[in-house]
Each structure stands twice: as C-alpha cells, then as structure tokens.
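Shown next, in structure tokens, is the structure this report addresses.
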Amino acid sequence: ASIMGRVLAGMDAGGARLSEFQEARDAMLSSAAAGRTTLPNSAWVGRCASAYLFGAGLASRKAVNEFFASRNITSLRELELFNRFVSALIDPAEALTLHCTAPEGVADRASVISSFSSGWTAGVSEPAAEASLQGTHRGDTLTLAVPRSKVKLKKTAQESVTGGELWTFSNGMKVICKKTDGQGRFSYGFLLNGGFSSVRDLQPGEGGFIEDVLLTERIASMTGRSFSRMLEANGIELHPSVGVADLRITGSAPASRIELLLKSLAAVAGKRECDSTAYGYYRDSEKLRLSLERKKQAGINAVVDSIMSPGYRYTSSRFVSGLSDDLPVRAEEYFESVFPRCEDGILVLVGDIDLFRLKKLLPKYLGAFRTGGTPSARPQIQYTPRSGWSTYTVETAESDVGNGDPSITVSATAPVAFNIDKYMAFRVALKALKAGMSAALADAGMYAEVSGDFTLVPSERLNVTITCRPADVDGLPSDVYPADPLKVLGAVRRALAGLSSGPVDPALLKRAKASVLSECTAAVSDPESIVDLALLRWSGGKDLVSGYKDRINAVNASAVQEIFSILEEGSKVEYVIY
C-alpha cells in the first residue's frame, strides 16, 4: 500500500517518465491486439446502455485497436498529453477511493490507509528519478538462443479435425497448421504426453500448482517474471496447463512474431533452473489468494471435491498444504522427464499464418527442441468416487468456505463410455437442466448456475455441478424473497428427478439443440477452439468435429433422459450452507 501511494503521488506530482511510458504503451498496444475483436451480444447490450446513459463510445474493439496502432505522434508529445491526463485524473481529495480486501488477521483498514498515506507523502517530496527506471527494455529477446541445427520435413498429410495439414519432421516432431482469418494473429497449442500424475510423491492438492511453478523458474537466463514480461511486450500470450495426463502450453501471438514464439517454446522446453526467491514470493501470494478463494464458490467446490473422492491424490483442486518447500524440485524433475521427448506430442498453429513461410521456418526452429528422451511410465491411477448420495449441511456462521451467504451446491458424477453421440446428448441435457433449474427456482428468490464436463482421465465420466444462490433482492418482485436453502434443496431434487423420469418438453429440446449447434458451429471457425479440439483429438483420441451437425440433430428426448438417469444413479454430493 505504501509503494502504491508513492507511485501514484509521484505520477501526480511529476508525471510518468519517458522510459516507463514507452514500455507501458507498447504493452498496452500488444494487449489490445491480443484481445478478442468480437463481443458477445450480452456485452453489446451493456455497451449500448452505457452509450445511452453516459455517452460512452460504441466503436468496435477492432476499430479502437486500429486507431491506437495507427497513430502518428512522437513519444514526447504523447507523454506530454498523457501526463496532463494523469494530473487531472489523480486527485487525492476527490478521485481516489481506497478499498481493502484481505483475509481476516492479515491487514486492517486503518493500517492500510496509514501505509498508503505515508507512501503518498514520500512520493510527493521525492519523485522517482529517470535513472532508476533505466535498464533493459522488457521486450528484449537477446537472451533467447538461436537454433544451430535444422531438421527436415519428411511427410505431409491432411488432418481431419482442423481441416489443415499435418507435417512430420525428421526428429519426430509433428505440427498441425491451418490458415484462417485471424486478423493478424494466430492461436497455438503445444501438447506433450505425461501429466502431474508423474510427479514424484505427489500429495492431494499439489497437482494444480505444477503449471504455475513452470513460470517461476529461470528460462533462457531470465527470471520467469522477465520472461513473461518479454512475451507480453511482444504481444504473445503463453499459458502453461498441466493435467493428469498431459502438459499443454497454449495462447496466441501476432503473425509477425511466429519466430519469437518458436524460440520461446524451445527455451521453455530447454534447460530451466529453479528459482527459490520467485517460488517463495509465488507461494506467499498464492496462500493469500487461496484464503480469499475459500470465501468464494471455488472454496465450496474444493470441499465438495474432497468429499466426492476422499484421499484422491490427482485432483486439480488446490490446497494450501500443497505449497510445500520441495515442490519446485519435484516439479522440475517432472518437467525434465517430459520436455526431452518433444516428439511425443503435437504443435498446433491455427490463424493468420503464411503456410509457405512457416514451412521454411519450422525446419530451422524445431531443431532446437529436444527429442529422443526416455519415456516415463504413467502411474496406475485409481479413481473411485464415494458411491451413493451424501448430504452435508453447515450453518453460515460455522462455515469456513463461501462468502457468508446461504447456498446450495449439488455435484454429481457417473461413469460413461465416451463417444460423440453421448457427448452431444450431454451438452443438450445441460441446456435442459439450466432451463429446469430456472423454472424450479422462479418463485424461490434464488438463481442457479449449471456447469458440467465430460472427463477422459483417469476414467471416462460425466460431471455436473449445480450451484444455487440468493438473487439480489433489488431485482426481485416486491413479494418475493430468497427462500430457505433447505426448502430449495427439495425443489432442486424434484427438478432432477423429473428430468430423469419424465418426458423432455419438445419445445425445450428444440431450443437446446439449436443452442448447442450454434456453439459448435462457432467453435469450428474460431482459431482458439480449433486448437483445443485438435489437442483433444491428439491427447484423448476423441473427434468432436466430424459430422457434429448430424449428431446434434439426432439427439432425441430419450437420449437426454438417459443422461439424467445415468447421473441420478451415479455419485452425488449435496452441500448446503444455510
């Protein structure tokens, strides 16, 4: 809080310095270009309301991004205009409001305000000097190694899921590439077999942290933070994700930065070094974040997950106890078992890419990836959720999860052999379930959120979670108030039972199928979604694209009812805070 106050006061008193302004501007332009250029209808409704009420602009994101990218103005003149704006904006008497949100016992309002005020005083009297802000530009890429060996393109074939091409190279690496209208950007995915189930001595609650540990390590002689800032300054998004069975690095990048992306992926897959200082900072920050998250729905979900499968080591739920001192060492052992086998995976590139140029670049840069490593044996994973139906009730005053409001969380899972027909029926069933929950809670003053997925590892299962919370009283009719959660639980049970035993309304089924068809049609034309579908095909062996329209149209009432019957007979946990 003291540092924040000092920085804001310094900007108010002396403005931003040229070096920091240039870096911030570059990062902003890259971030704007990386953002989606299309908005959902709900976002446009909000923007139209803002335009009517406050005169806010209605220009599209694409138009705004093009405006900022095409400006022809000197940095010094732009800095002068920016500092005028900052001076008018930052007013400690009128324009600053300080909010403090922290776990109980970590900080109190008075101490935060005192620290902020002392920092403000120091910032006014001693503005930061330009010399203290000098140094290597955050976008510098000189520490990334230049590949020294090349590979050859050996085989080209058509790829069915993306509709693109599959290229196989002499070192065994495989690349799927497809050109689409990406408006100057492309999405990518790099998948390697072997997930956090391979981590030595893995304990419950540790698996979810493994992906974060990767970017706390030193990469290409840079700290993880500097490496991430370098990518950000060049408009590249890079997101590691480690699951039970595989490691994925996904994101997007400008078409002009494809060489830098390939060099960066090779650096991540190369030799890394544990950074105890960076991990220590991450661990302390994550502990605070998790303590706050327990006050949200994520905390309730973690409790339900532990009830559903007690003692299960390979959950992706995060527990504070999983942030052990030796986690970076064991995580690096895992990374070093996966990254030397880059041929045991796939690289997917979809978007605004020049395939002719790419075919020339890949032989040069894929030679920097390590291949031929020893495959590691996948552990035998036993996943046996608690059978039957369990109900837990907790008073709000006694609950250590949730935000203090009453809520109902119902989670169900059931084993089902995965195929595209079952998957599409499941998606239609989720739409019907959302409508059923809305009808069941219409007079109860509560609203329901429904989510679900079809997991493949460690076993093929259907999973559904229903969360019911009180609606905002200001938005309810004058004679409706949030009902008692225990009574609402009965309504939820009746709705689920009715969907599994009674006929599905034909009109509802038609709307649900149309909605799923619309989502799938959008997915097969979106570069990011195409990458995800290709990775699913490679990792799980499941094709969700071929003939999807016919599969959705073939879903009937009995198929949807079967999904609900399967869930009714599976494992179920009800967690009620009242």
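Residue numbers run from 1 in the order of the sequence given.
More than 12 non-hydrogen atoms from other residues, nucleotides or ligands lie less than 6.0 angstrom from OH of Tyr392. Around CG of Asp354, the count of heavy atoms belonging to other residues, nucleotides or ligands within 6.0 Å exceeds 12.
With respect to the salt-bridge test (charged N to carboxylate O, under 4.0 angstrom), the residues Arg313 and Glu206 do not qualify. A salt bridge links Lys542 with Glu460: the closest approach of a Lys/Arg side-chain nitrogen to an acidic carboxylate oxygen falls below 4.0 angstrom. A salt bridge is absent between Lys295 and Asp405; no separation between the charged side-chain nitrogens and carboxylate oxygens falls under 4.0 Å. A salt bridge links Arg289 and Glu286; the closest N-O separation between the charged side-chain nitrogens and carboxylate oxygens is under 4.0 Å. Look at Asp352 and Arg185 and you find no salt bridge, because none of the NZ, NE, NH1 or NH2 atoms lies under 4.0 Å from a carboxylate O. By the 4.0 Å N-to-carboxylate-O rule, Glu519 lies close enough to Lys431 to be salt-bridged with it.
The two residues Glu293 and Ala298 make their nearest non-hydrogen contact at CG-CB, 3.3 Å. For the pair Ile210 and Phe196, the tightest heavy-atom approach, listed with the atom from each and the gap, is CG1-CB, 4.0 Å. Shortest non-hydrogen contact noted between Ile408 and Pro485 is CD1-O, 3.1 Å. The two atoms that bring Met424 and Cys520 nearest to each other are CE-SG, 4.0 Å, heavy atoms only. For the residue pair Met437 and Ala495, the shortest heavy atom distance occurs at CE-CB, 3.2 Å. Nearest heavy-atom pair, Val350 versus Pro527, reported as atom, atom and distance to 0.1 Å: O-CB, 3.6 Å.
No hydrogens or angles considered: nothing links the side chains of Asn193 and Ser539 as a donor-acceptor pair under 3.5 Å. Using modelled atom types and a 3.5 Å distance limit, the side chains of Glu237 and Ser252 yield a donor-acceptor pair.
Sorted by first and then second residue, the salt bridge (charged side-chain N to carboxylate O under 4.0 Å, His left out) pairs involving residues 484-508 (not counting sequence neighbours) are Arg493-Glu574. Screening residues 487-543 for ring-ring contact (aromatic ring centres under 6.0 Å, His included) gives no qualifying pairs among residues at least two apart or on separate chains.
In terms of modelled atom types and a separation under 3.5 Å, the side chain of Ser50 and the main chain of Gly46 share a donor-acceptor contact.
With sequence neighbours excluded, no residue satisfies salt bridge (Lys or Arg N to Asp or Glu O under 4.0 Å) with Arg257. In terms of the ring-ring contact (aromatic ring centres under 6.0 Å, His included) criterion, Phe564 has no residue partners (sequence neighbours excluded). Every residue meeting the salt bridge (Lys or Arg N to Asp or Glu O under 4.0 Å) condition with Glu562, not counting sequence neighbours, appears here in chain and number order: Lys422. Listed by chain and number, the residues in a ring-ring contact (aromatic ring centres under 6.0 Å, His included) with Phe418 are Tyr423, Phe454 (sequence neighbours excluded).
The closest side-chain heavy-atom distance from Ile176 to Leu347 is not below 4.5 Å. Residues Thr455 and Val244 fail the side-chain proximity criterion, which asks for heavy atoms closer than 4.5 Å. Tyr447 places none of its side-chain heavy atoms less than 4.5 Å from the side chain of Asp472.
Atom CE of Met308 is separated from atom OG of Ser317 by 11.5 Å, given to the nearest 0.5 angstrom.
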